[in-house]
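Everything below concerns the one structure shown next.
Numbering of residues begins at 1 and proceeds along the displayed sequence.
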Amino acid sequence: MNWTQIDEERLLNRSFTLGILGIVCCLIPIIYFNFYLKTMPYGDILNGLGLGSQLLGMSLAVLVLRRRKIDTVIKEKSKKMVLVLSVALLFFILVQ
């Protein structure tokens, strides 16, 4: 099945799941660095996985926005998802 054939609600759910996964993966090394030890094995891999997951989630939300005939509620949800994920992505890029 192609990504453009999936309905909007399912794409937004996947976008939300990937965004939360990305935020958690980026928070783990920051919390570990600030509260425990100064070095964390595989911390860079977690950061890269988190940033990539956030980018994928944001691209799914943009894919929903690019559809032609969608409900206004779904359109507003996807706008909010893009905004939240872009702010989180910018924050985690600047913190690293």
Side-chain angles (χ1 to χ4, degrees):
M1 179 177 278
N2 197 358
W3 284 97
T4 57
Q5 296 173 352
I6 300 174
D7 63 333
E8 292 88 11
E9 283 293 325
R10 182 177 282 177
L11 282 175
L12 278 179
N13 285 337
R14 289 181 183 176
S15 173
F16 178 76
T17 305
L18 285 170
I20 293 296
L21 176 73
I23 289 172
V24 168
C25 284
C26 284
L27 274 178
I28 289 171
I30 293 173
I31 291 171
Y32 192 85
F33 179 76
N34 285 332
F35 291 120
Y36 300 109
L37 300 174
K38 298 298 178 190
T39 59
M40 179 181 174
Y42 308 113
D44 296 334
I45 294 174
L46 275 176
N47 282 332
L49 180 69
L51 292 177
S53 177
Q54 287 178 18
L55 279 173
L56 186 61
M58 189 169 28
S59 66
L60 287 177
V62 168
L63 183 67
V64 171
L65 274 176
R66 303 253 325 163
R67 298 260 172 113
R68 294 200 183 237
K69 297 177 183 175
I70 58 173
D71 192 25
T72 57
V73 175
I74 293 175
K75 193 170 188 174
E76 290 299 318
K77 284 182 182 179
S78 61
K79 283 181 184 179
K80 289 178 186 177
M81 185 68 64
V82 169
L83 179 68
V84 167
L85 286 178
S86 62
V87 169
L89 185 69
L90 183 67
F91 173 75
F92 288 118
I93 287 174
L94 292 177
V95 166
Q96 303 305 322

Tabulate below the donor-acceptor pairs under 3.5 Å that side-chain atoms of residues 46-57 make, not counting sequence neighbours, or state none.
unit_1	atom_1	unit_2	atom_2	d
N47	ND2	G43	O	3.4
N47	ND2	Q96	OE1	2.9
S53	OG	L18	O	2.6
Q54	OE1	L89	N	3.3
Q54	NE2	G22	O	3.4

* Output the rest of the hydrophobic cluster of I45: all Ile, Leu, Val, Met, Phe, Trp and Tyr residues reachable through side-chain heavy-atom contacts under 4.5 Å, sorted by chain and number. => Y42

Which atom pairs, one a donor and one an acceptor, fall under 3.5 Å between side chains of residues 60-77 and the rest of the protein, sequence neighbours left out?
unit_1	atom_1	unit_2	atom_2	d
R67	NH1	I6	O	3.0
R67	NH1	E8	OE2	3.1
R67	NH2	W3	O	3.4
R67	NH2	T4	O	3.1
R67	NH2	I6	O	2.8

* Is V24 reachable from F33 through a run of hydrophobic residues whose side-chain heavy atoms are each under 4.5 Å from the next? -> no

* Asked: Hydrophobic clusters join Ile, Leu, Val, Met, Phe, Trp and Tyr when side-chain heavy atoms are under 4.5 Å apart, directly or via other members; which others share one with V84?
  -> none

* Under the side-chain contact (heavy atoms from CB on, under 4.5 Å) test, which residues partner D7, sequence neighbours left out? -> E9, R10

* L90: which other cluster members, linking ILVMFWY side chains closer than 4.5 Å, directly or transitively? -> L94

* Structure fact -> Rounded to the nearest 0.5 angstrom, the OG-CG distance for S78 and L85 is 11.5 Å

* **Pairs flagged by side chain to side chain donor-acceptor pair (under 3.5 Å) wherever residues 14-31 is involved - sequence neighbours left out** => none

* Would F35 and I28 show up in the same hydrophobic cluster when neighbours are defined by side-chain heavy atoms closer than 4.5 Å? -> yes

* **Heavy atoms of other groups near N13 CG, more than 12 under 6.0 Å** => yes

* Structure fact -> Minimal heavy-atom distance between P29 and C26, with the atoms involved, is CD-O, 3.6 Å

* With sequence neighbours excluded, what pairs up with Y32 under the side-chain contact (heavy atoms from CB on, under 4.5 Å) test? -> Y36, L37, M40

* Asked: How close do I23 and F92 get, heavy atom to heavy atom, and via which atoms?
  -> O-CZ, 4.0 Å

